Structures are given as structure tokens and as C-alpha cells.
There are 2 protein chains.
Amino acid sequence: MTEVQTRKAGRPKTSVLNPDQIVDAAFEVVHEAGPDGFTLTRLAAKLSVKPPALYHYFANKDAVIKAMRGRLASLNDVTGFARGSWDTAIFPWARSYRAAMLAFPASIALLATRPIDGEEESVANYETISASFLAAGWPEHEVVTILVALESFAIGSALDALAPDDNMSPGAFAADAPIFAAAEQARRDHAANRCTSVADASFELGLALMVAGLRMRLAELRA
Amino acid sequence: MTEVQTRKAGRPKTSVLNPDQIVDAAFEVVHEAGPDGFTLTRLAAKLSVKPPALYHYFANKDAVIKAMRGRLASLNDVTGFARGSWDTAIFPWARSYRAAMLAFPASIALLATRPIDGEEESVANYETISASFLAAGWPEHEVVTILVALESFAIGSALDALAPDDNMSPGAFAADAPIFAAAEQARRDHAANRCTSVADASFELGLALMVAGLRMRLAELRA
DNA sequence: ACCTGAACACCGTTCAAGT
DNA sequence: ACCTGAACACCGTTCAAGT
């Protein structure tokens, strides 16, 4: 579990650490210890190193988290924006965004509450998407506002997907809420019949709603 | 700022604290010190008390947060669904939902992956909303799917609102992403001119998009 | 340059002691 | 019962010292 620490003080002949390796270990620590258990002490231990050693590679804990975000950003699929229309490109991008979050369940809360603030990968993705939106005729001041709204939905949907399937069950209060109880059951049956999860159904429906709303809005802006 | 502490050890003649008062102070501390600044040390100081005194009323920090959550469960505004149309009622409800989430920065993930605390209140809210949706003609199996999509967006937007306003700033990479950098600046300027936050703008736009999409979808389902 | 070791201020939590 | 005071293990971060 805790690897033995035998290194003496002083610069080692060859570097023990590098940024990529630290980020790798950071994801492992979050996975094992949860968001609240993600401490630099544990991260250092995972790397068989003392906490201050990390400060040679990252300014502070937030900087480590920022780098983790960058890693996730590289999983985002923005290829559609470069070659197709903005409204169809949104779907694979939003799905990949949510999937990236879901790949590191414990990290979602940790990563979602921190600023993206100039992470190289993210910025490159945003540049591609922004160009596509502007070319489609969106006003400049709305591009990032839309982007953030879509991301917020993807993040919230990822959190929802982590909840158990009976998350919305009225439980002991079903008798007091017959209409809701029946609707909740109907939702679960419908998803089961289609071999999908209720969380996926909400994500896909919400995404379709937002894109439909965007198409309407752009048409109005052009008129 | 920090109120003077002159009480001697030992049981005071009359209790200094009570649970409601502690929860009140907890909201003030979160408001003043932010998510990371919400500590029991600060909460105790706000109450002119030492930290261990809080443990007489709450088992631990999480219990305090849970009590705060319970306080806000009743703040969800579903009154519009009972007296008006579903599509206009969504706005005050979604806003109150997000506002409630924003009061618990540290526990948004818990809130999202569990039914809201004080389940009785929540189920009653869902019953009201479900009845309104069904009456409007929504298919039974889509009612809760829509509800969850809206909640996911509200939760994701609450997380976004916790980040600093320059959250999306490209920072040092602005030169590599000129289109995005300009769009991000335009977004901030636009929000500043309207005396609103960028996070609020994204939430309001996304909410409007989803409702517009819902109206279209319902019209199609009826046709 | 790159790591350890010691130190600082802070945290959540426990518990004995005082009234 | 209800509060303080002292203590514990832990945290993020800084910095001198060793190689």
C-alpha cells in the first residue's frame, strides 16, 4: 500500500518525477480516496516522494487539479466542429464531454468547481468550437455563454448518471404522490424497453432540447 | 469582525446556541468566506463560541451541511405549476433550484447523487410539477425524464457559478486562440454592461433554450 | 535542478474538566 | 447539560539544506 521511502535528501541523479506521471497518479488517488481524500500528502506517497517535491512541478494543489482538467479536455471530441455544421457537431462533443467526466466519477465534483483558466488543451478545443459558432452567424458575445450552458448541462448530467437508477423513486412517500410515482415508473419502464438507462435518456433529451432551442434562436437572430 | 470571546469554561446559565441559529450562521459563513472558507472554526467564531461547542448540536461538519440542506429544501418554488402554465412555471422553479444548490458549494455532488434531503418536501414538489406536465399533454414516460434534464442543467449551472468569473479566460494561451479569446472577452463585457454575472447569463440562456425546445416538442407531439 | 526535513498556520475532531 | 481548553492527527505551503 504505502511504498517505502528510502531516498536521502538532495538532488537525485535522475529526476524521479515528471508532470504527466504526477497527473496519472492524481487520478489514481482520486479514484481510490475520493474527492475529499485527494491530498498532496497522499499524492506524494503514491509517487514515493515527499509533498514538497510536488511544488517543483506545480505551483500548488489547484495547479495539479488544473492539469487533470487538461488531461480530460484532451478526450473531448471537437472534430465535428472543424468539418461539419455546428448543430450536428454539438452532439458528439457533448457526449464525449459527459463521457470524459464519467470516466473519472470521483473527479467530477473536484474538477467541475475549479476554473479551466487557460488550460492548453481546453483552450484549443474552445477555439475550434468558437470559430464554428461564429461562422454560423452567432453573435460574438453569445458564443462562450452557449458553450458554458452546454457544458453545465453535460456536467450535471454526468453527476445524475452516477446516482442509482431509483434515484427519483418516491419511496415511502409514493402514496402521497401518485401522479409522480406513476410517471417515475413509466420513465423507468420506457428506458428498460429501449435497453438504455434513465440517465442517458434525460441527457439525450435535454441535449436535443438545447440544440432545438439554439436552432430556433439562430433563425430568429438572422431574421 | 471577530467578536471578542470572554466566556469562561463551564456550562453557561442559559444556552448560548441552538440548531437554527447555527444553521443561520453557517449560511452567513458560506456567503462571506466561500466554499473553501466554510470551516467549523469560522462558524464557531461567527457564533462567539469555540469549535467543540458545535459538537453538542451536530455530530460533525457533514451534519451541519445536511441541516443547511434541509433548510433550503423548502425554498424550491413550485407555486407556478399549481396556478399557471408549465412552461412559465419552469423559470422560477429552476432558478430557485439552482439558488438552493448554490448555498451548498461543498455538497453539490452529494445533492446531485442523492434525492434532496427532507424527501417529503421534494416528493410533494415533484407531484405538483408532474401533474402540471401531464395536464399540458406530455406523455407520462417523459415527465420525469424532462424533470431530471432540467435539474441536471440547474446543478451543472450551480457548479459553474461557483467558479470565478474569469473561469473561461484563456490566460497565457490567448495568443493561440484569438477567436475564443475575443469571444470570451465579449461575453464578459456584455455581462458587465448588463450588471449580471457571466454564470447567470449562461444559466438564463440555457434555461430559455430548453423551454423553447420543450414548447416545440410538445407542439410536435400534439400534431 | 530536484529532493528531503523541519517548520508554520490551519483544519476537523475528541475528550477531560469546569459550572 | 453546555461550554472551554488542551490535545491529536492531518492538511497545504514555505524554505533551508543537502547533493
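To find a chain, count down the sequence lines: A is the first, B the second, and so on, and within it residues start at 1. Values in this document were obtained by computation on a predicted structure and should not be read as measured data.
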### Query
Quick one: is A/H56 getting a side-chain N or O under 4.0 Å of the C/dC3 phosphate, OP1 or OP2?
no
### Message
Has B/Y57 got a side-chain atom pairing as donor or acceptor with B/L17's backbone, closer than 3.5 angstrom?
### Response
yes
#### Entry: Separation of atom CG in A/D36 from atom P in D/dC10, rounded to whole Å
16 Å
#### Entry: Within 45° cone of B/F27 ring axis and under 6.0 Å: B/R71 NZ or CZ
no
### Separation of B/S122 OG from A/F180 CZ (nearest 0.5 Å)
9.0 Å
### Message
Quick check: closest heavy atoms across B/L43 and B/A26, and the distance to 0.1 Å?
### Response
CD1-N, 3.5 Å
### Message
Could you tell me how far apart A/I65 (CD1) and D/dC11 (P) are, to the nearest whole angstrom?
### Response
15 Å
## Note on the structure
When B/A9 and B/A59 are each assigned the nearest nucleotide of DNA chain C, the 5'-most assignment goes to B/A59
### Message
Ignoring hydrogens, what is the shortest heavy-atom contact between A/S96 and A/D77? Give both atom names and the distance.
### Response
OG-N, 2.9 Å
### Query
Side-chain N or O of A/T41 less than 4.0 angstrom from OP1 or OP2 on D/dG12?
yes
### Query
Given atom CG of B/N18 and atom P of D/dA1, what is their separation to the nearest angstrom?
18 Å
#### Entry: Nucleotide of C/dC11, C/dC3, D/dC2 approaching B/R42 most closely (side-chain heavy atoms)
C/dC11
### Task
Figure out the CZ/P separation between B/F58 and C/dT13, and round it to whole Å.
13 Å
### Query
Rounded to the Å, how far apart are A/L17 CG and C/dA1 P?
16 Å
### Query
Taking the six-membered ring for Trp, are B/F133 and B/F81 parallel (under 30°), tilted (30 to 60°) or perpendicular (over 60°)?
tilted
### Nearest-Å distance for atom pair CG/C1', residues A/D62 and D/dT13
13 Å
### Query
For the pair made of NZ in B/K50 and P in C/dG18, what is the distance, rounded to whole Å?
18 Å
### Task
Verify whether one side chain among B/S202 and B/R187 offers a donor that lies under 3.5 Å from an acceptor in the other.
yes
### Message
In whole Å, I'd like the distance from the CD1 atom of A/I22 to the C1' atom of C/dC2.
### Response
11 Å
### Query
Which comes earlier along DNA chain C counting from the 5' end, the contact point of B/L40 or that of B/R11, where each point is its nearest nucleotide?
B/L40
### Message
OP1 or OP2 of D/dC15 versus the side-chain N and O atoms of A/Y55: is any pair under 4.0 Å?
### Response
no
### Query
Is a side-chain donor or acceptor of A/T128 paired with a backbone partner of A/A124 at a separation under 3.5 angstrom?
yes
### Task
Ignoring backbone atoms, test whether B/R7 places a side-chain nitrogen or oxygen under 4.0 Å from the OP1 or OP2 oxygen of D/dC3.
no
### Task
Write out the stems for DNA chain D, ordered by first number and formatted as range with range, counting runs of at least 3 consecutive Watson-Crick or G-U wobble pairs under 3.5 Å.
C:4-8 with D:12-16, C:12-16 with D:4-8
### Query
Can you check whether B/S15 has a side-chain N or O nearer than 4.0 Å to OP1 or OP2 of D/dA1?
no
### Query
For the side chain of B/P52, counting heavy atoms from C-beta on, which of D/dC11, D/dA6, C/dC3 is nearest?
D/dA6
### Message
Please classify the nucleic acid contact of B/Y57 as base, sugar-phosphate, or nothing, using heavy-atom distances under 4.0 Å.
### Response
sugar-phosphate
### Query
Is the phosphate of D/dG12, meaning OP1 or OP2, less than 4.0 Å from a side-chain N or O of A/K61?
yes
